[in-house]
Participant: 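First, the structure itself, so that you have it in front of you.
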Amino acid sequence: MEFSMIFILSNTLLLLSSSAFGKTASPPTLSPTPAPAPAPDFVNLTELLTVAGPFHTFLNYLESTKVIETFQNQANNTEEGITILVPKDSAFSSLKKPSLSKLTDEQIKQVILFHALPHFYSLADFKNLSETGSIPTFAGGDYTLNFTDDSGSVHISSGWSITKVTSAVHSTDPVAIYQVDKVLLPEAIFGTDIPPAPAPAPTPDIAPAADSPTEQSAESKSSSPSSTPDGSSSYKFTTFGVLPNLALPTVAVMLLF
């Protein structure tokens, strides 16, 4: 009897210890951790403008004024993104009056800041911008642009200059770069006395062809009363015509005597 009780108790203790050991030995259950969102691609504006097109003059201004740092920070470290309107090299070379060479360093910087919007805009967004009115630029204050959508062609007015978007260089959120064919000149620097566009040159009247000297000479000879086909003057005809008339009466008088 006692042996049976001892056997039962020992088996019970063994089972309890095995159960407790199994619980402690089981690995803990871990909840899955969500994967981190992929970071947006870093856009190197200097490299992009160097490769994309004939934008060397604009890029030189970006670097000399250090505006490239402002644009680069806006492109990669903000949620708004950036839209840059880049004039091609020929737009700067054709700019005669007014000239950027007479501006101060600070004014040059404002002109370059004037070519960017502190927000990413796709081509489709420009249609809505045309209904919004003046759009602020990085230059701030009165440095605003007006957009007009004409059947998909985007025109931009800066006050002094009117240009249009000719191509999309890069348009992936958060960076949009569009090529324009003119430099944007702000009224805040160049004033409101905008010179009128030059009028087209008038078409010259085509004068009738002048008569040739030979024709004029021949005509004058045939119509002049003082000229004869052999080049002799009428005076000669008159002189020689009078002499026979005087000679006839003289001969008649001599015959009578």
Participant: Is there a side-chain contact between T83 and H119 (heavy atoms, below 4.5 Å)?
Facilitator: no
Participant: Once you round to the nearest 0.5 Å, how far does CG of N73 lie from OG1 of T70?
Facilitator: 7.5 Å
Participant: For Y178 and F126, run ring-ring contact (aromatic ring centres under 6.0 Å, His included): C-alpha distance rounded to whole Å, both residues' side-chain angles, the deciding distance at 0.1 Å, then the answer.
Facilitator: CA-CA 12 Å; Y178 301 106; F126 285 121; 5.3 Å; yes
Participant: Rounded at 0.5 Å granularity, tell me how far CG in L145 sits from OG in S157.
Facilitator: 8.0 Å
Participant: Looking only at heavy atoms, which two atoms of P118 and P136 are closest? And how far apart?
Facilitator: CD-O, 3.8 Å
Participant: What I'd like to find out is whether the side chain of F190 reaches to under 4.5 Å of the side chain of L103, using heavy atoms alone.
Facilitator: yes
Participant: Test side chain to side chain contact (heavy atoms under 4.5 Å, CB included) on F114 and S158; report intermediate values, then the result.
Facilitator: CA-CA 9 Å; F114 189 55; S158 68; 3.5 Å; yes
Participant: With side chains defined as the heavy atoms from C-beta onward, is the minimum distance between L100 and L185 less than 4.5 Å?
Facilitator: yes
Participant: Is the centre of the Y121 ring less than 6.0 Å from the centre of the F147 ring?
Facilitator: no
Participant: If you define the side chain from C-beta out and look only at heavy atoms, does anything of T148 sit under 4.5 Å from V154?
Facilitator: no
Participant: What are the two closest heavy atoms between P174 and A75, and how far apart are they?
Facilitator: CG-O, 3.2 Å
Participant: Can you confirm whether more than 12 heavy atoms, excluding those of N77, are under 6.0 Å from its CG atom?
Facilitator: yes
Participant: Between F120 and Q74, is there a side-chain heavy-atom distance shorter than 4.5 Å?
Facilitator: no
Participant: CD of E80 to CG of D173: how many Å apart, nearest 0.5 Å?
Facilitator: 10.0 Å
Participant: Carefully, step by step, assess V86 and Q179 under the rule side chain to side chain contact (heavy atoms under 4.5 Å, CB included).
Facilitator: CA-CA 5 Å; V86 186; Q179 176 181 298; 5.7 Å; no
Participant: Taking all non-hydrogen atoms of both residues, which atom of P186 and which atom of L184 are closest, and how far apart?
Facilitator: CD-O, 3.7 Å
Participant: As an exercise, state the distance from CD1 of I177 to OG of S167, rounded to the nearest 0.5 Å.
Facilitator: 11.0 Å
Participant: Is a side-chain N or O of E47 found less than 3.5 angstrom from the main chain of N44, in a donor-acceptor match?
Facilitator: no
Participant: Could you give the distance from CG (L49) to CD (E63), rounded to the nearest 0.5 Å?
Facilitator: 9.0 Å
Participant: For a side-chain hydrogen bond (donor to acceptor under 3.5 Å, both in side chains) check, start with the C-alpha distance between S153 and D150, then their side-chain angles and the critical distance, and finish with the verdict.
Facilitator: CA-CA 5 Å; S153 180; D150 184 11; 6.0 Å; no
Participant: Is the ring pair F92/F58 parallel, tilted or perpendicular, if the boundaries are 30 and 60 degrees?
Facilitator: tilted
Participant: As a quick check of understanding, evaluate side chain to side chain contact (heavy atoms under 4.5 Å, CB included) for L45 and L62, giving each step before the final call.
Facilitator: CA-CA 10 Å; L45 297 179; L62 279 176; over 6 Å; no
Participant: Just by distance, do the side chain of N60 and the backbone of H56 share a donor-acceptor pair under 3.5 Å?
Facilitator: yes
Participant: Pair D181, K88 - check side chain to side chain contact (heavy atoms under 4.5 Å, CB included), show working.
Facilitator: CA-CA 6 Å; D181 55 6; K88 51 188 178 180; 4.2 Å; yes
Participant: Would you say CD1 of I162 has more than 12 non-hydrogen atoms from neighbouring residues, nucleotides or ligands within 6.0 angstrom?
Facilitator: no
Participant: Can you find a pair of side-chain heavy atoms, one from I108 and one from T65, that are under 4.5 Å apart?
Facilitator: yes
Participant: Within a radius of less than 6.0 Å around CG of N128, do more than 12 heavy atoms belonging to other residues, nucleotides or ligands occur?
Facilitator: yes
Participant: Would you name the heavy atoms of F42 and Q72 that are closest together and state the gap between them?
Facilitator: CZ-NE2, 3.8 Å
Participant: Does a side-chain heavy-atom distance below 4.5 Å link N146 with I135?
Facilitator: no
Participant: At what distance, to the nearest 0.5 angstrom, does CG of D125 lie from OG of S171?
Facilitator: 8.5 Å
Participant: Measure across D149 and S130 and return the closest heavy-atom pair with its distance rounded to 0.1 Å.
Facilitator: N-CB, 3.7 Å
Participant: Test side-chain hydrogen bond (donor to acceptor under 3.5 Å, both in side chains) on T163 and S161; report intermediate values, then the result.
Facilitator: CA-CA 6 Å; T163 185; S161 51; over 6 Å; no
Participant: Kindly indicate whether the side chain of V180, heavy atoms from C-beta on, has any atom under 4.5 Å from the side chain of T166.
Facilitator: no
Participant: Under 6.0 Å between ring centres: does that hold for H115 and F138?
Facilitator: no
Participant: Is the backbone of K102 close enough, under 3.5 Å, to the side chain of S99 for a donor and an acceptor to pair up by distance?
Facilitator: no
